[in-house]
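What follows is a short report on a single structure.
Only this structure's heavy atoms are used, side chains among them; waters, hydrogens and symmetry mates stay out. Along the sequence shown, the residues carry numbers beginning at 1.
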Amino acid sequence: MDLYAPIEPTESGHLDVGDGHSVYWETVGSPDGTPLVWLHGGPGAPASAGTRRYFDPAQYRVVIVDQRGCGRSRPLASDHQADLTTNTTDHLIRDLEQLRIHLGIDQWIVAGVSWGVTLGLVYAERYPERVLGLVLAAVTSGRLRETRWITRDMGRVFPREWDRFVDLIPEADRAGDLSAAYARLLASPDESLRTEAALRWCEWEDNHVSLAPDHTPQLIHENPTWQQVFARLVTHYFAHGCFLADNEVLANLHRITHLPATLIHGRHDVSGPLDTAWQLHKAWPTSHLVVVNDAGHFTGTMLEELLKALNAIKGRAT
């Protein structure tokens, strides 16, 4: 299935959400279409112009938002002196509600990828009356076991790469929380150390997202500012358990099991194994699970399956 034609926003702006943050948003598609909010991954990996092409512009009024600290939102987290205490999951959810009200939307479909899945699930569990349905790709739930898997357990699969990943960390910190150790490196006043730490974090993420033979690294090709934004926000969230009670998503799933949902996950996604998506699906009778056999973490033909699901959810949710 092909992407839709390139499209420009119908509206865009910056919303003052408090705490000194200004969040960028845009809408694409039909002003009279079914509202849908797209939640990007990371944290700190904002949507691109290509993201606008995922959605049928005749069906949807799509809201795309750059979460606090990244993309076109300000201030950026790349500044090592940026205050991250007001960048938490609770803050991001309040931003979404403030934006929904600002745009005059009563209910919307929630769609997202990777970290955006966790954020979308928590948002839906807290505001189920505002959600029509969900489309979630590269499924995560923000559990501590998922972070440990990414930062430590995957070293068993990629031992050479993991040694390089931990080599930058002071030896005394290597047995502890690796996310927190990297967060400290990324907050260093030493610019060269921050740049190197961001690069190594991105290298590690590029290594472990897929075992598929055609996997192509992406994050290492981003510019240094983008890498520092991404690495600083990811490590900040990981070091704080994604600012969630452990297993919070699964514990509160009963609040949204009446909603239609499609969960899409890659068979070769070793950074986020399939068991998370499977556990959610088993506990969610109205969900549909699509396992993409040639995909890792949003690779292969996963985008094609996402487009199908985005087209189909409107009929199930409205």
Compute the centroid of each ring, for [X] and then for [Y], and state whether the two points are separated by less than 6.0 Å.
X: Tyr24; Y: His14; result: yes
X: Phe165; Y: Tyr182; result: yes
X: Phe230; Y: Trp201; result: no
X: His281; Y: Trp278; result: yes

inquiry  = Hydrogens and angles aside, do Thr85 and Asp83 bring a side-chain donor and acceptor to less than 3.5 Å of each other?
reply    = yes

message = Under 3.5 Å, is there a donor on one side chain and an acceptor on the other for Ser78 and Thr225?
response = no

query = What side chain to side chain donor-acceptor pair (under 3.5 Å) pairs are there with at least one residue in residues 156-169, not counting sequence neighbours?
reply = Arg164-Glu203

key: Reported OH-to-CD distance for the pair Tyr127 and Gln107, which is rounded to 0.5 angstrom   = 15.0 Å

Does [X] have any side-chain contact (heavy atoms from CB on, under 4.5 Å) partners at least two apart in sequence or in another chain, and if so, which?
X: Thr88; result: Asp90, His91, Phe243
X: Ala187; result: Arg232
X: Gln98; result: Leu15, Val17

inquiry  = Quick one, Tyr123 with Val37, criterion side-chain contact (heavy atoms from CB on, under 4.5 Å). Give me CA distance, side-chain angles, the key distance, then yes/no.
reply    = CA-CA 11 Å; Tyr123 172 83; Val37 61; 5.8 Å; no

query = Quick check: does any side chain N or O of Thr262 sit under 3.5 Å from a backbone N or O of His288, one acting as donor and the other as acceptor?
reply = no

ask   = Any salt bridge (Lys or Arg N to Asp or Glu O under 4.0 Å) pairs touching residues 267-292, not counting sequence neighbours?
value = Arg145-Asp275

Least distance between heavy atoms, His258 atom then Pro128 atom = CE1-CB, 4.4 Å

key: Heavy-atom pair with the smallest gap, counting every atom of Thr195 and Gln228   = OG1-NE2, 3.3 Å

Could you tabulate the donor-acceptor pairs under 3.5 Å formed by side-chain atoms of residues 300-310, not counting sequence neighbours?
{"unit_1": "Thr301", "atom_1": "OG1", "unit_2": "Asp294", "atom_2": "OD1", "d": "2.8"}
{"unit_1": "Thr301", "atom_1": "OG1", "unit_2": "Asp294", "atom_2": "OD2", "d": "3.3"}

